[in-house]
S.K.: 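Below you'll find the structure I mean.
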Amino acid sequence: MGSIEIFLVSLMIASCLLPSVSAATRHYKFEIKMQNVTRLCHTKSIVTVNGQFPGPRIVAREGDRLEIEVVNHVHNNISIHWHGIRQVRSGWADGPAYVTQCPIQTGQKYLYNFTIIGQRGTFWWHAHISWLRSTLYGPIIILPKKNTPYPFAKPYKEVPIIFGEWFNADTEAIISQALQTGGGPNVSDAYTINGLPGPLYNCSTKDTFKLKVKPGKTYLLRLINAALNDEFFFSIANHTLQIIDADGVYVKPFETNTLIITPGQTHNVLLKTKPHFPNATFYMTARPYVTGPGTFDNSTVAGILEYESKTKLHLKNLSLFTPLLPALNDTNFVTNFTSRLRSLASPQFPANVPQNVDKRLFFTVGLGTSPCDQNKTCQGPNGTKFSASINNVSFILPTTALLQSHFFGQSKGVYKPDFPYNPLNWFNYTGNPPNNTLVHNDTKLMVLPFNTSVELVMQDTSILGLESHPLHLHGFNFFVVGQGFGNFDPNKDTSNFNLVDPIERNTVGVPSGGWVAIRFLADNPGVWFMHCHLEVHTSWGLKMAWLVQNGKLPNQKLPPPPMDLPKC
């Protein structure tokens with residue numbers, strides 16, 4: 001048995017993976033249940049998978065089939081999204097509630113059944129309904145096909161590191177209150193690394209993630225940002241990180257002391273430990289990158305990098321080094337870091353950027369307002385309710401699943417197929433905001449014929465303040481061909497697009513006060529969600545959906561839904 005197979009088996013054991021008859025089909029069972037968890041000397045009952053927080057790892061190889069049975073034992077409706085997995089012709093398993101499925105109701109179950117096609121790297125799963133993903137999340141590790149090496153030296157060990165948020169209060173109550181009052185939601189009480197807040201918070205020293213390493217070794221850290229509402233800077237004191245992967249796609253390696261990771265994104269990095277025992281321990285810390293006008297959790301989460309020693313040493317006697325992180329609003333660092341990300345673009349891992357474009361789209365993204373409900377007092381701007389929109393359409397989720405409605409030709413009264421290609425009203429997007437900040441609430445889809453090559457420019461707006469927006473596209477990877485600040489100028493900016501080796505990913509930050517341009521091929525039939533991965537903005541309506549029509553060939557069509565597809 002090879003070392004990767006041993007790693008796979010050990011991860012399967014750690015993840016409670018059931019043995020399968022076929023090596024290519026891997027079975028998991030997710031029991032959704034309540035569990036008492038204590039952090040910051042505060043105990044609360046949270047929604048978990050199998051009583052674990054964070055939830056169990058899923059481990060497979062490229063080409064494997066995954067069958068994950070989700071059984072709902074809690075009072076909340078549940079749906080699970082397999083973030084970054086393309087779900088080629090398996091949209092019924094994608095997971096966003098009321099988009100590709102009705103949620104799994106109390107006492108019900110659903111088998112998520114899909115195959116990993118042409119992907120390997122770090123992904124993650126999370127609840128995709130309301131704010132339940134604050135505790136319902138875990139890593140997905142897709143190894144290369146058997147006997148296929150990494151395009152870098154084999155690491156000594158692989159370690160998932162998941163950033164999250166801890167709320168002492170019930171997150172469902174937090175977002176429910178915010179939506180009722182129209183104001184901003186309460187922020188988290190702490191950030192976490194692998195579910196642990198660490199020693200920089202009160203009553204939390206015992207809940208600290210420790211990465212124990214040996215000198216002279218290379219460790220592969222699989223970083224995942226599962227936080228609800230925060231982008232993070234991350235660094236390990238006195239150590240350099242080599243970036244080798246973004247969102248499950250290999251990149252041209254480069255070294256950095258600090259990285260930025262938005263909610264929804266993943267990064268694989270190599271950590272080379274010091275050749276000899278350093279007589280010190282080292283903080284690994286993360287804190288938010290903040291651009292918007294709203295309140296935020298201004299705190300820092302820390303774990304500890306601890307070297308193993310042949311002699312017994314009292315760690316309290318060792319020096320403890322702390323990394324220097326960028327300022328909270330250091331947009332220059334973010335821009336410089338993201339500009340260094342380039343696809344590997346090798347013969348084995350090509351960057352198949354669409355060179356010709358069938359459909360050019362321009363989306364404005366940002367905050368806005370909605371009128372306060374009659375006889376109510378609202379806490380948003382000037383007595384209104386906070387909203388968010390794309391092309392001034394604040395998306396309303398229907399009460400039945402969009403994919404089901406489309407597949408059975410029952411779209412009337414559920415959605416409209418006329419999402420606007422451009423904003424209806426043009427203005428100086430990053431200049432003085434318009435007087436009218438009201439959004440239009442509706443359920444509109446953008447329809448794309450199969451195999452359409454799409455170029456989409458997403459433009460931040462100054463309505464209620466400039467802000468970075470991490471946008472996640474379901475069902476596809478896309479290439480980030482350009483980005484800049486100010487208003488996008490098609491006559492000037494398109495000539496600078498990178499069509500050779502742009503980064504390929506599934507979640508990208510729209511720069512604060514700027515724009516980002518992506519290209520993708522709509523070669524996956526179904527209904528696919530696109531939304532801001534700042535959960536508060538998604539709750540306010542910063543989301544939309546694409547309807548990709550079937551192609552002509554049998555392997556270009558969406559199969560019928562499974563028999564156990566949940567009902568609304």
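Quick note: numbers below take in every heavy atom, side chains included, and nothing from hydrogens, waters or symmetry partners. Computed from a prediction, not measured in an experiment: that's the story for all the values here.
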S.K.: Any donor-acceptor pair under 3.5 Å linking the side-chain atoms of Thr452 with those of Asp358?
M.R.: no
S.K.: Indicate yes or no for a side-chain donor-acceptor contact from Glu165 to the backbone of Asn229 under 3.5 Å, with no hydrogens or angles considered.
M.R.: yes
S.K.: Could you tell me if the side chain of Ile85 sits less than 4.5 Å from the side chain of Phe114, heavy atoms only?
M.R.: yes
S.K.: What do you reckon, is NZ of Lys272 surrounded by more than 12 foreign heavy atoms closer than 6.0 Å?
M.R.: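 No, the 6.0 Å shell around NZ holds no more than 12 heavy atoms from other groups.
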S.K.: Looking at Gly551, is its backbone amide N or carbonyl O close enough to the side chain of Lys557 to form a donor-acceptor pair, meaning the two atoms are under 3.5 Å apart?
M.R.: yes
S.K.: Looking at Asp230, is its backbone amide N or carbonyl O close enough to the side chain of Asn225 to form a donor-acceptor pair, meaning the two atoms are under 3.5 Å apart?
M.R.: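 Side chain of Asn225 to backbone of Asp230, a donor-acceptor pair under 3.5 Å: yes, one is there.
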S.K.: Near Leu324 CG, under 6.0 Å, is it more than 12 heavy atoms from other residues, nucleotides or ligands?
M.R.: no
S.K.: Would you say the side-chain atoms of Thr122 and Asn268 include a donor-acceptor pair closer than 3.5 Å?
M.R.: yes
S.K.: Are Tyr191 and Asp297 packed together at the side-chain level, in the sense that at least one heavy-atom pair is separated by less than 4.5 angstrom?
M.R.: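 Answer yes - side chains close enough.
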S.K.: Can you tell me how far CZ of Phe163 sits from CD1 of Ile261, rounded to the nearest 0.5 angstrom?
M.R.: 6.0 Å
S.K.: Could you tell me which residues satisfy side-chain contact (heavy atoms from CB on, under 4.5 Å) with Thr135, sequence neighbours excluded, listed by chain and number?
M.R.: Ile46, Val47, Phe53
S.K.: Hey, are Glu535 and Arg133 close enough for a salt bridge, meaning a charged N less than 4.0 Å from a carboxylate O?
M.R.: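 A salt bridge is present here (some side-chain N lies under 4.0 Å from a carboxylate O).
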S.K.: Tell me, yes or no, whether the heavy-atom count around Lys359 atom NZ, taken from other residues, nucleotides or ligands under 6.0 Å, exceeds 12.
M.R.: yes
S.K.: Is it the case that over 12 heavy atoms from other parts of the model lie below 6.0 angstrom from the CG atom of Asn555?
M.R.: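 Yes, CG of Asn555 has more than 12 neighbouring heavy atoms, counting only those of other groups under 6.0 Å.
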S.K.: Can you find a pair of side-chain heavy atoms, one from Leu211 and one from Leu221, that are under 4.5 Å apart?
M.R.: yes
S.K.: Taking side chain as C-beta onward, heavy atoms only, is Leu456 less than 4.5 Å from Phe363?
M.R.: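 Side-chain contact under 4.5 Å: yes.
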S.K.: Mind checking whether Pro323 and Phe282 have side chains closer than 4.5 Å, heavy atoms only?
M.R.: no
S.K.: Any chance you could measure Leu132, atom CG, to Ile78, atom CD1, to the nearest 0.5 Å?
M.R.: 5.0 Å
S.K.: Less than 4.5 Å apart, any side-chain heavy atom of Arg519 and any of Pro354?
M.R.: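 Yes; the side chains approach each other to less than 4.5 Å.
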S.K.: Going by the rule side-chain contact (heavy atoms from CB on, under 4.5 Å), which residues pair with Glu255 if we only count those two or more places apart in sequence or in a different chain?
M.R.: Thr240, Gln242
S.K.: Checking Gln87 against Tyr112 for the side-chain hydrogen bond (donor to acceptor under 3.5 Å, both in side chains) test, could you report, in this order, the C-alpha distance in whole Å, the side-chain angles of both residues, the deciding distance, and whether it holds?
M.R.: CA-CA 11 Å; Gln87 300 291 359; Tyr112 289 92; over 6 Å; no
S.K.: State whether a side-chain donor-acceptor pair under 3.5 Å links Asn257 with Ser235.
M.R.: no
S.K.: Look at Arg222 together with Glu158 and state whether they make a salt bridge at an N to O cut-off of under 4.0 Å.
M.R.: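 Looking at Glu158 together with Arg222, the answer is yes, because their closest N to O distance falls below 4.0 Å.
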S.K.: Report the C-alpha separation of Arg360 and Glu455 in whole Å, then their side-chain angles, then the decisive distance to 0.1 Å, and conclude whether the salt bridge (Lys or Arg N to Asp or Glu O under 4.0 Å) test is met.
M.R.: CA-CA 5 Å; Arg360 284 186 164 84; Glu455 180 181 286; 3.4 Å; yes
S.K.: Going by the rule ring pair (Phe, Tyr, Trp, His ring centres under 6.0 Å), which residues pair with Tyr156 if we only count those two or more places apart in sequence or in a different chain?
M.R.: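 Here the qualifying residues are Tyr219.
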S.K.: Could you check if a side-chain atom of Pro253 sits within less than 4.5 angstrom of a side-chain atom of Phe152, using non-hydrogen atoms only?
M.R.: no
S.K.: Just checking, any donor-acceptor pair under 3.5 angstrom between side chains of Thr331 and Tyr289?
M.R.: yes
S.K.: Are Val251 and Glu504 close enough that some pair of their side-chain heavy atoms sits under 4.5 Å apart?
M.R.: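 No, too far: nothing below the 4.5 Å cut-off.
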S.K.: Quick check: closest heavy atoms across His81 and Pro96, and the distance to 0.1 Å?
M.R.: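 So the minimum-distance heavy-atom pair works out to ND1-CD, 4.4 Å.
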S.K.: Does a donor on one side chain and an acceptor on the other come within less than 3.5 Å for Thr262 and Glu231?
M.R.: no
S.K.: Indicate, with yes or no, if the rings of Trp528 and His474 have centres closer together than 6.0 Å.
M.R.: no
S.K.: To the nearest 0.5 Å, how far apart are CD1 in Ile260 and CG in Leu341?
M.R.: 11.5 Å
S.K.: Enter the distance from His126:NE2 to Ile80:CD1 here, rounded to the nearest 0.5 Å.
M.R.: 9.0 Å
S.K.: Establish, from distance only, whether the side-chain atoms of His469 and His531 form a donor-acceptor pair under 3.5 Å.
M.R.: no
S.K.: Grab the two heavy atoms, one from Tyr250 and one from Pro151, that are nearest each other, plus how far apart they are.
M.R.: CZ-CD, 3.3 Å
S.K.: Mind checking whether Trp546 and Phe520 have ring centres under 6.0 Å apart?
M.R.: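 Close enough - the centres of the two rings lie under 6.0 Å apart.
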S.K.: Salt bridge or not between Asp523 and Arg86? Use side-chain N to carboxylate O under 4.0 Å.
M.R.: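 Salt bridge present between Asp523 and Arg86.
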S.K.: Is the closest basic N to carboxylate O distance between Lys29 and Glu31 below 4.0 Å?
M.R.: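 Salt bridge present between Lys29 and Glu31.
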S.K.: Measure the spacing between CZ of Phe233 and CZ of Phe333 and express it to the nearest 0.5 Å.
M.R.: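 One finds 6.5 Å between CZ of Phe233 and CZ of Phe333.
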S.K.: With a 6.0 Å cut-off on the ring centroids, do Phe30 and Trp125 count as close?
M.R.: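 Yes, close enough.
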S.K.: Please round to the nearest 0.5 Å and tell me the distance separating atom CG of Leu220 and atom CD1 of Ile244.
M.R.: 5.0 Å
S.K.: Determine whether the aromatic ring centres of residues His472 and Phe529 are separated by less than 6.0 angstrom.
M.R.: no
